[in-house]
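We count ligands from 1, going down the list as the structure has it; atoms in each ligand are counted the same way.
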Amino acid sequence: MKGILITFEGLDGCGKSTQVHRLAERLQQLGYQPIIVREPGATPLSERIRHLLLDASADITPLAEMLLFNAARAQLVDTVLRPALETGSIVLCDRFADSTTAYQGYGRGLPIELVLACNQIATRGLTPTLTFFLDVPVELAFQRHRSSDRMERAGRDFFERVRNGYWEIARRQPERIICIDATRPPEEVHTTIWEHVRQYLPSEASASEGFY
Ligand SMILES: Nc1ncnc2c1ncn2[C@@H]1O[C@H](COP(=O)(O)OP(=O)(O)O)[C@@H](O)[C@H]1O
Ligand SMILES: [Mg+2]
């Protein structure tokens, strides 16, 4: 795969969207044309699944929830991510498969190996080049992000399990996943992200020549 897939992970409120947009802005200034997507979403089907998943009244079992996230992901991978990466694009993804491992595996308690197997089926093995886990305490995440949708109402213990789950996922794949202290100011977090991303970029000359 010629392109670069960069994913952002962490609790809601940790600063994923802020950092995706800041990184996109910096890449654009250098002449790159990054593609930005969010999960679940970014295709018509995936956005409909997102709506189902976030519906506060929906009664969804953990297994059904995990499969819905992966159905949305399968559509995204095959219709957006793979085609973009095959043409050499830089893709920034606000959440990806690690979210399902953290939330439905560690958070909801589905067997981790089952979740990893389903993620593998949905992505058909597509793994991010680089993943940033933006870590903040649950309390701070709640302060930054107030929402009452279905996922949010799962309670504090749930989010503690998700946070610890992310640490476990990162511990297993240290070469791919960069853990960042996201309690720091946004521009400092961005600087750390940029130090990693720039190592994966082709020369700025090739960006201006339109390869990316
Ligand atoms: N490093 C940071 N320090 C303080 N506030 C932040 C930081 N990053 C983001 N925020 C603020 O916190 C809120 C949630 O950030 P956002 O990027 O939407 O997080 P996420 O996409 O992970 O839910 C926003 O109001 C944003 O402006
Ligand atoms: Mg966001």
Query raised in the report: Can you find a non-hydrogen atom of L134 under 4.0 Å from ligand 1?
Result: no
Query raised in the report: Is there a heavy atom of G10 sitting under 4.0 angstrom from any atom of ligand 1?
Result: no
Requested in this report: List the steps and the verdict of side-chain contact (heavy atoms from CB on, under 4.5 Å) for L140 and Q143.
Outcome: CA-CA 5 Å; L140 182 59; Q143 282 168 22; 3.7 Å; yes
[atom]: the protein heavy-atom neighbour that sits closest, reported with distance to 0.1 Å:
atom                    : answer
atom 19 (O) of ligand 1 : G15 N, 3.1 Å
atom 1 (N) of ligand 1  : R184 O, 2.7 Å
atom 18 (O) of ligand 1 : S17 CB, 4.0 Å
atom 7 (C) of ligand 1  : R144 NH1, 3.5 Å

[X] side-chain N/O to [Y] backbone N/O, donor-acceptor pair under 3.5 Å:
X    : Y    : answer
E47  : A42  : yes
H190 : P186 : no
D55  : H51  : no

Requested in this report: Decide side-chain contact (heavy atoms from CB on, under 4.5 Å) for L116 and R172; before the verdict, give the C-alpha distance in whole Å, the side-chain angles of both, and the deciding distance to 0.1 Å.
Outcome: CA-CA 13 Å; L116 292 175; R172 290 186 188 195; 4.0 Å; yes
Requested in this report: For the Mg ion (ligand 2), decide whether S17 has an N, O or S atom at a distance under 2.8 Å.
Outcome: yes
Are any of the N/O atoms on [X], whether in the backbone or the side chain, positioned under 3.5 angstrom from an N/O atom of ligand 1?
X    : value
P185 : no
V189 : no
T18  : yes
D94  : no

Query raised in the report: Has R48 got more than 12 heavy atoms of other residues, nucleotides or ligands less than 6.0 Å from its CZ?
Result: no
Query - Polar side chain donor-acceptor pair, Y166 to S99, under 3.5 angstrom - result: yes
Requested in this report: Examine the side chains of T100 and N70 and answer whether a donor and an acceptor come within less than 3.5 Å of each other.
Outcome: no
Query raised in the report: Which of the atoms in ligand 1, numbered in the order shown and given with their element, are less than 4.0 Å from a heavy-atom of A182?
Result: 1 (N)
Query raised in the report: Short list, please: which atoms of ligand 1 are under 4.0 Å from a heavy atom of D12?
Result: 23 (O)
Report task. Tell me which part of L11 gets within contact of ligand 1: side chain, backbone, both or neither, using heavy atoms under 4.0 Å. Result -> backbone
Query raised in the report: Is Q19 touching ligand 1 with its side chain, its backbone, both, or neither, if touching means heavy atoms under 4.0 Å apart?
Result: neither
Report task. Flag atom 24 (C) of ligand 1 as yes if some protein heavy-atom distance to it falls below 4.0 Å, otherwise no. Result -> no
**Report entry** Sole candidate of R73, R95, R50 that passes side chain to side chain donor-acceptor pair (under 3.5 Å) when paired with E39
**Finding:** R73
Query - Axial cation check for Y103 ring with R108, 6.0 Å and 45° limits - result: no
